[in-house]
There are 2 protein chains.
Amino acid sequence: MPRVTEAHRDARRAQIRAAALRAFTAKGYQRASISDVVAESGLSAGAIYGHYEGKRALFAAVAEEVLSRRGTELEAAARDGVPPSPVEVLTLLMGGMTRDIQDNRVIVQLWAESTVDDMIHDVVQEVVSAIQGVLHGALRAWYATRPDLCAGDPDAAAELLLPVMLGLAQGYLVQRAMLDDFDPDRYLRSAAAVLPR
Amino acid sequence: MPRVTEAHRDARRAQIRAAALRAFTAKGYQRASISDVVAESGLSAGAIYGHYEGKRALFAAVAEEVLSRRGTELEAAARDGVPPSPVEVLTLLMGGMTRDIQDNRVIVQLWAESTVDDMIHDVVQEVVSAIQGVLHGALRAWYATRPDLCAGDPDAAAELLLPVMLGLAQGYLVQRAMLDDFDPDRYLRSAAAVLPR
DNA sequence: GTCTATACGGAGATAGAC
DNA sequence: GTCTATCTCCGTATAGAC
């Protein structure tokens, strides 16, 4: 299999995903039509359908790409250097989201879609599980440096903190997407006040 | 204006809202059609449109009803009896949600819709603001009984905790709607480990 | 692989009788 | 106020040429 062709194919697919993300971000996933993606990509409907089965598959692919990056980033940060504290982990995750997509309304739309579309559900399920795994590892590493806080059992401490860490991240994203007067710094100060440090 | 007629009108509107909630819950807001609401209500399309402008207005009305109840419940709990602790407040709110709607997928769908539909946005915005107000009051009342935890300033302490309390509630709802293996008790234990008590 | 043009289906909303 | 029947729009997806 000629690798040039393969690379070209992947590049085109990436181009389509990028266009889809722009369209979904601008209009919202439900309201964005395939025509919007077409317009955004500079290609045609036929071209899109040649690479993705349809709008749902496109959303799944984009979601996989964006969410996976959070796991990758966190893993990298946890690997080299001092283990980040819970608040630093939260800040890192939220900063990454903001970097990838302007506002994060589309993330909330993704969650909603995952409650009703099986294809989306499966992708989100898988990637979020992966993120939880990485998150667990990061927290465990940090607790290991703070034996005073975990009674010598970093693993159990990380396990206990995990749902709240995920929940605080989700709360941040919901509020940022939904509330007119959301204040990111205030939210992080609030989180810092309750999280171990 | 004859009050019997007025009462009948309100009853019918409540009947329609209840039918809409069932339809939205069963199929998801986007996928539920007006026909579904019609079928669920036992009425006709014409009857529905005689009382509500359309699907969006219906969702807004249902959302207003369900969310407002959270504020009312919390206010009642905070008023009579011992001020509930943060974890108790969280448990109360989540219990109320579960009572009103089986799973809470439709809540996440509501948030998503609020990021893209102005009518929904305005309603959610208003009701969530009200809930935050009540929440603030409840937390302040609790802190007032625990001066050791707030350095004598219950108001500031409540203000600081507010975003996290809201975020933890939202995280609970997202995870419950989205994750196959969500464990409510585990989430609450996790929250109890970080929240002041 | 990609384009243009179009078929198909479904959903929200309305008309008009009762 | 409510019903039946229907209209109209719009979005997804495909057909067929290049």
Side-chain angles (χ1 to χ4, degrees), chain A residues 1-20 22-62 106 109 112-113 116-120, chain B residues 1-24 26-62 106 109 112-113 116-120:
Chain A
M1 199 177 289
R3 78 177 46 179
V4 193
T5 299
E6 191 69 12
H8 277 171
R9 181 175 171 80
D10 283 357
R12 176 120 297 182
R13 285 170 64 94
Q15 171 190 0
I16 293 173
R17 284 198 304 277
R22 284 196 301 276
F24 296 161
T25 304
K27 288 200 162 187
Y29 169 67
Q30 294 279 359
R31 304 199 167 187
S33 66
I34 288 291
S35 306
D36 292 320
V37 180
V38 167
E40 198 72 48
S41 69
L43 298 174
S44 68
I48 307 281
Y49 281 97
H51 289 279
Y52 287 98
E53 280 183 16
K55 194 179 159 183
R56 299 166 58 211
L58 210 33
F59 198 29
V62 170
V106 74
Q109 292 160 16
E113 202 58 23
V116 75
D117 182 323
D118 279 339
M119 184 189 298
I120 306 291
Chain B
M1 200 175 288
R3 78 175 47 178
V4 194
T5 299
E6 191 69 12
H8 277 170
R9 181 175 171 80
D10 283 356
R12 176 120 298 180
R13 285 169 64 94
Q15 171 190 0
I16 293 173
R17 284 197 304 276
L21 178 55
R22 284 196 299 277
F24 296 162
K27 288 199 160 187
Y29 170 67
Q30 294 279 358
R31 303 199 166 188
S33 65
I34 288 290
S35 307
D36 292 321
V37 179
V38 167
E40 198 73 47
S41 69
L43 298 174
S44 68
I48 307 282
Y49 281 96
H51 289 278
Y52 288 98
E53 280 184 17
K55 194 179 161 184
R56 299 166 59 210
L58 210 32
F59 198 30
V62 170
V106 74
Q109 292 160 17
E113 202 59 21
V116 75
D117 181 323
D118 279 340
M119 184 188 297
I120 306 291

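To find a chain, count down the sequence lines: A is the first, B the second, and so on, and within it residues start at 1. Heavy atoms only: backbone and side chains are in, while hydrogens, waters and symmetry mates are out.
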Give the rounded distance in Å between these two atoms: [atom1] of [X] and [atom2] of [N].
X	N	atom1	atom2	answer
Tyr49(A)	dA13(D)	OH	C1'	5 Å
Leu58(A)	dG11(D)	CG	P	16 Å
Met119(A)	dT12(D)	CE	C1'	14 Å

message: List the residues meeting side chain to side chain contact (heavy atoms under 4.5 Å, CB included) with Ala45(B), not counting sequence neighbours, and say none if there are none.
response: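 Counting only residues at least two positions away or on another chain, Ala45(B) forms a side chain to side chain contact (heavy atoms under 4.5 Å, CB included) with Val38(B).
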
task: Please list, chain by chain and in numerical order, all residues satisfying side chain to side chain contact (heavy atoms under 4.5 Å, CB included) with Ser33(B), sequence neighbours excluded.
output: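 Partners of Ser33(B) by the side chain to side chain contact (heavy atoms under 4.5 Å, CB included) criterion, ordered by chain and then number, come out as Ser35(B), Asp36(B).
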
field: Contact residues, residues 27-45 of chain A to DNA chain C [heavy atom, < 4.0 Å]
entry: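 By residue number: Leu43(A), Ser44(A).
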
task: Could you pull out all residues at least two apart from Arg56(A) that satisfy side chain to side chain donor-acceptor pair (under 3.5 Å)?
output: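 For Arg56(A), the residues satisfying side chain to side chain donor-acceptor pair (under 3.5 Å) (neighbours in sequence not counted) are Asp117(A).
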
Could you pull out the protein-nucleic contacts involving nucleotides 6-9 of chain D (nitrogen or oxygen on both sides, under 3.5 Å)?
none

- request: Would you list the pairs meeting ring pair (Phe, Tyr, Trp, His ring centres under 6.0 Å) in which at least one residue belongs to residues 23-48 of chain A, sequence neighbours left out?
  value: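 Non-adjacent pairs meeting ring pair (Phe, Tyr, Trp, His ring centres under 6.0 Å): Phe24(A)-Tyr29(A), Phe24(A)-Phe59(A), Tyr29(A)-Phe59(A).
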
Ring pair (Phe, Tyr, Trp, His ring centres under 6.0 Å) partners of residues 30-58 of chain B, not counting sequence neighbours, each pair once: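 Matches after skipping sequence neighbours: none remain.
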
task: Answer whether the closest heavy-atom distance between the side chains of Val116(B) and Gln30(A) falls below 4.5 Å.
output: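 Of all side-chain heavy-atom pairs linking Gln30(A) with Val116(B), none is under 4.5 Å.
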
message: So Ile48(A) and Leu58(A), do their side chains get closer than 4.5 Å, heavy atoms only?
response: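 Heavy-atom side-chain distance check passes, below 4.5 Å.
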
field: Pairs involving residues 10-19 of chain B, ordered by first then second residue, that meet salt bridge (Lys or Arg N to Asp or Glu O under 4.0 Å) (sequence neighbours left out)
entry: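 As it turns out, the salt bridge (Lys or Arg N to Asp or Glu O under 4.0 Å) pairs with a partner in residues 10-19 of chain B, which skip direct neighbours, are Arg17(B)-Glu65(B).
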
field: Residue pairs fulfilling salt bridge (Lys or Arg N to Asp or Glu O under 4.0 Å) with at least one residue in residues 40-55 of chain A, sequence neighbours excluded
entry: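 Salt bridge (Lys or Arg N to Asp or Glu O under 4.0 Å) check on residues 40-55 of chain A returns Arg22(A)-Glu40(A).
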
task: Answer with base, sugar-phosphate or nothing: what part of the nucleic acid does Gly50(B) contact at a heavy-atom distance below 4.0 Å?
output: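 Nothing, no heavy atom under 4.0 Å.
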
- prompt: Could you give the distance from CD (Gln109(A)) to NZ (Lys27(A)), rounded to the nearest 0.5 Å?
  reply: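 The CD atom of Gln109(A) sits 13.0 Å away from the NZ atom of Lys27(A).
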
query: Can you give the first and last nucleotides of DNA chain C, 5' to 3', that have an atom under 4.0 Å from a heavy atom of chain A?
result: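 Listing 5' to 3', DNA chain C meets chain A from dG1(C) to dT4(C).
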
